[in-house]
Amino acid sequence: MSQRPRPRMTITDDLFQLVKSLKQTEKRYFKIFASIHVKGEQNNYVKLFDAIDRQDEYDEKALLITFQGETFIKQFAVTKNYLYNFILRSLRSYYSSSDAESRIQEEVESVKILFGKGMYKKSIKILTKTKAIARQYDKYELLLHMIKWENEINTRFLKGDRLDEFRKESNDEIREMLEIMEETYQLRLLEQDAFRVYRRYTRARTASDLQAIEKILAQPAMAEGALPRSFIGKLRYYNIKGVYQTLLEHHSEAHRFDLLRFRLFEEQPQFIRENLIQYIKVQNNLLHNYMELKDWKNFEEILRNVRETADQFATTITNTEQAILFETSYVQELAHYYRTHQFQRALELVPRVNEMLERYDSVIVIEFKIEMLFTIAKVYFYTGDVDQASDWVNRIVFDDKPNAADDVICFARILNLLIHFDLGNYDLLKYEIKSTRRFLVKKKRLFLVEDLVLRNLNRAISVREEGPRQLLFEQFYQKLEETLQHGFEGNAQSYLNLLNWLRSKIEKLPIYDIIMAEKAAEI
């Protein structure tokens with residue numbers, strides 16, 4: 001009877017990834033931690049750690065050759081597993097005092113020890129101090145845990161009326177905590193629903209795109225004046241309202257709600273490190289709003305603040321947080337240069353962006369990655385480097401399953417068609433037009449503008465004479481201008497400037513010249 005195959009162990013991949021993700025301060029701390037907590041064989045683990053750290057790609061054969069003759073090689077899988085878990089132990093120790101939750105949990109452990117030794121008054125003293133910290137940081141789950149310990153201790157030495165009074169106060173406090181937690185949890189669900197819509201459709205293209213958000217806003221938790229009691233609850237409440245205004249392209253109103261979120265952090269700065277990812281995301285929204293409002297002074301101030309955040313928390317910032325800082329600052333800076341037609345400055349960022357994309361490939365959020373690739377492709381396209389534009393747009397994975405960046409992906413497909421047209425790949429373009437139509441239908445994103453582009457590109461590749469093609473482009477331009485006036489169709493132009501591309505064909509000028517002439521006329 002054949003045996004079921006054993007599951008493949010992944011500790012090697014995980015160990016290599018963990019070692020390579022460590023910052024210099026974390027590596028230094030690991031070695032100090034090893035010298036304290038592992039006696040006798042600690043050098044073996046440090047030597048293996050250093051050998052793995054020196055590798056660009058994991059090479060187990062090279063490690064076995066390096067350490068041949070060492071006793072730990074006989075049980076190499078066990079050694080790697082131990083090293084992996086030991087690194088995690090050192091990281092837990094390294095970060096144990098860097099956030100309020102860890103400090104609170106340490107104090108609760110002290111309470112448990114003192115309780116076991118019968119030192120009730122000292123336990124209560126620590127709990128009173130620690131509960132104040134937990135309230136300051138909205139750590140309601142931990143507060144409930146501490147209230148449990150308060151009850152356990154006070155029933156040991158409070159009697160009569162004092163015990164009854166304590167129990168009443170304790171029950172009131174538990175009730176309050178549960179209400180706040182339920183309120184915050186409900187807003188979490190509503191925010192997730194709102195963000196699910198926003199991530200797919202950052203600009204409304206149909207009335208139905210807004211209906212899901214409007215349904216969320218109709219919930220009692222989102223009523224005007226129903227401001228939540230917790231810090232996180234307030235962030236979520238304002239965020240949902242801001243998402244709705246962003247979908248409507250009401251940038252002043254969206255900015256008002258994002259500014260309220262930013263001011264929450266300014267007024268209670270203790271929450272910044274505890275919620276660093278949220279703090280970065282709030283600033284990302286502010287950057288987007290300032291760009292839409294063309295408030296470049298405040299845009300640059302927030303961008304500097306985002307970049308300085310990495311330095312401010314240099315010793316404790318995680319890889320994920322660093323990746324989000326990269327996403328936020330470079331997506332918005334690229335978009336800024338693109339929107340203001342500073343294409344050369346955008347191209348100067350490309351090597352740095354490419355380096356960061358490779359460094360954070362495993363943790364970067366897919367929609368930010370797609371947005372960066374799409375923006376860079378457009379910059380190359382508008383500056384006339386169609387080959388580079390093709391390379392960058394083809395780095396986007398055109399997955400026909402629901403995606404967090406469906407709107408951008410769909411317009412990347414349209415850009416890909418324009419690139420093939422400009423390269424003269426007409427035979428391939430026939431297939432790509434059909435494929436793109438199927439793709440858009442499956443995504444439910446085949447709107448009037450997209451349909452118009454596909455139909456006219458299909459006609460253009462079969463019309464080779466200059467006169468008839470010129471007439472076709474002129475008619476295409478006129479029809480597109482009219483279509484962009486219909487409802488939400490105008491939002492298509494914010495993804496890809498189709499009118500300027502058509503003008504370049506009609507006026508027989510590079511699209512770059514059309515764009516720069518348009519910019520000069522605005523000054």
Side-chain angles (χ1 to χ4, degrees), residues 200-201 205-206 366-367 369-480 483-484 489 491-506 508 510-511:
R200 291 195 69 189
Y201 317 124
R205 296 294 305 282
T206 68
I366 186 65
E367 61 261 35
K369 180 178 181 179
I370 290 170
E371 193 168 342
M372 278 188 272
L373 296 175
F374 184 48
T375 301
I376 292 170
K378 286 190 292 184
V379 170
Y380 277 117
F381 183 68
Y382 292 151
T383 52
D385 195 338
V386 187
D387 289 322
Q388 278 285 1
S390 179
D391 289 344
W392 281 89
V393 83
N394 280 299
R395 287 174 64 175
I396 298 172
V397 177
F398 295 127
D399 190 348
D400 60 6
K401 295 176 183 176
N403 193 287
D406 274 350
D407 54 345
V408 177
I409 290 173
C410 290
F411 274 94
R413 289 290 298 252
I414 298 291
L415 175 60
N416 192 45
L417 299 180
L418 304 186
I419 289 169
H420 282 306
F421 186 90
D422 284 358
L423 288 170
N425 299 332
Y426 299 140
D427 291 337
L428 177 60
L429 189 54
K430 287 180 183 179
Y431 164 78
E432 287 293 334
I433 290 170
K434 292 177 182 176
S435 174
T436 299
R437 181 174 289 277
R438 289 194 300 269
F439 182 85
L440 295 176
V441 167
K442 194 161 187 177
K443 290 282 191 182
K444 298 180 181 178
R445 306 308 283 172
L446 184 62
F447 300 116
L448 294 176
V449 167
E450 289 85 341
D451 182 59
L452 187 66
V453 170
L454 296 180
R455 283 190 288 106
N456 280 277
L457 280 178
N458 205 36
R459 290 171 187 160
I461 57 178
S462 61
V463 177
R464 303 298 175 91
E465 296 83 3
E466 186 175 332
R469 180 177 275 190
Q470 179 81 0
L471 179 61
L472 187 151
F473 282 133
E474 289 172 0
Q475 293 170 342
F476 183 7
Y477 184 91
Q478 183 180 356
K479 184 63 177 175
L480 181 59
T483 305
L484 289 169
E489 292 296 329
N491 288 341
Q493 187 75 349
S494 60
Y495 292 102
L496 192 60
N497 199 321
L498 297 163
L499 288 174
N500 278 343
W501 181 76
L502 283 171
R503 280 185 61 197
S504 74
K505 303 304 173 192
I506 294 166
K508 296 182 174 55
I511 191 171

- Task: Look up atom CG in L502 and atom CD in Q475, then write down how far apart they are to the nearest 0.5 Å.
- Result: 12.0 Å

- K505 and F476: side-chain contact (heavy atoms from CB on, under 4.5 Å), yes or no, with the steps? CA-CA 11 Å; K505 303 304 173 192; F476 183 7; over 6 Å; no

- Item | Stepwise side-chain contact (heavy atoms from CB on, under 4.5 Å) check, Y495 with I414 | CA-CA 10 Å; Y495 292 102; I414 298 291; over 6 Å; no

- Query: Can you list the residues that meet the side-chain contact (heavy atoms from CB on, under 4.5 Å) rule with Q493, with sequence neighbours excluded?
  - Reply: L484, N497, L498, L499

- Sequence neighbours excluded, the answer for ring-ring contact (aromatic ring centres under 6.0 Å, His included) partners of Y431 is none

- Query: Residues two or more places apart in sequence or in another chain: which of them pass side-chain contact (heavy atoms from CB on, under 4.5 Å) with P468?
  - Reply: V463, E465

- Item | The single option from L415, L373, N416, V408 passing side-chain contact (heavy atoms from CB on, under 4.5 Å) against I396 | L373

- Any salt bridge between K442 and D406, counting N to O under 4.0 Å? no

- Donor-acceptor contact below 3.5 Å, side chain S390 vs main chain V386: no

- Message: Taking side-chain contact (heavy atoms from CB on, under 4.5 Å) as the definition, give me every residue that meets it alongside D427, ordered by chain and number, with sequence neighbours left out.
- Response: none

- Query: Sequence neighbours excluded, which residues qualify as side-chain hydrogen bond (donor to acceptor under 3.5 Å, both in side chains) partners of S435?
  - Reply: R413

- Query: Do L423 and L428 touch side chain to side chain, with heavy atoms closer than 4.5 Å?
  - Reply: no

- Task: Salt-bridge test for E450 and K443: reply yes if a basic N is under 4.0 Å from a carboxylate O, no otherwise.
- Result: no

- Non-hydrogen side-chain atoms of L454 and L440 separated by less than 4.5 Å: yes

- Note on the structure: With sequence neighbours left out, the residues meeting side-chain hydrogen bond (donor to acceptor under 3.5 Å, both in side chains) with R459 are none

- Contacts of E474 that satisfy side-chain contact (heavy atoms from CB on, under 4.5 Å) - sequence neighbours left out: Q470, L471, I506

- Message: So F381 and D422, do their side chains get closer than 4.5 Å, heavy atoms only?
- Response: yes

- salt bridge (charged side-chain N to carboxylate O under 4.0 Å, His left out) contacts in which one or both residues fall within residues 373-390, not counting sequence neighbours: none

- In terms of ring plane angle, is the pair W501 and F421 parallel, tilted or perpendicular, where the classes change at 30° and 60°? perpendicular

- Sorted by chain and residue number, the salt bridge (charged side-chain N to carboxylate O under 4.0 Å, His left out) partners of R455 (sequence neighbours excluded) come out as D451

- For R438, the side-chain hydrogen bond (donor to acceptor under 3.5 Å, both in side chains) test, sequence neighbours excluded, returns none

- Who passes side-chain hydrogen bond (donor to acceptor under 3.5 Å, both in side chains) against N458, sequence neighbours left out? none

- Item | Test item: N456 and L480 side chains (from C-beta on) under 4.5 Å apart, heavy atoms | no

- Task: State, yes or no, whether a side-chain contact exists between L457 and L418 at a heavy-atom distance under 4.5 Å.
- Result: yes

- Message: Could you check whether any side-chain N or O of E489 sits under 3.5 Å from a backbone N or O of V449, counting only pairs where one atom can act as donor and the other as acceptor?
- Response: yes

- Could you list the residues that satisfy ring-ring contact (aromatic ring centres under 6.0 Å, His included) with F374, not counting sequence neighbours? none

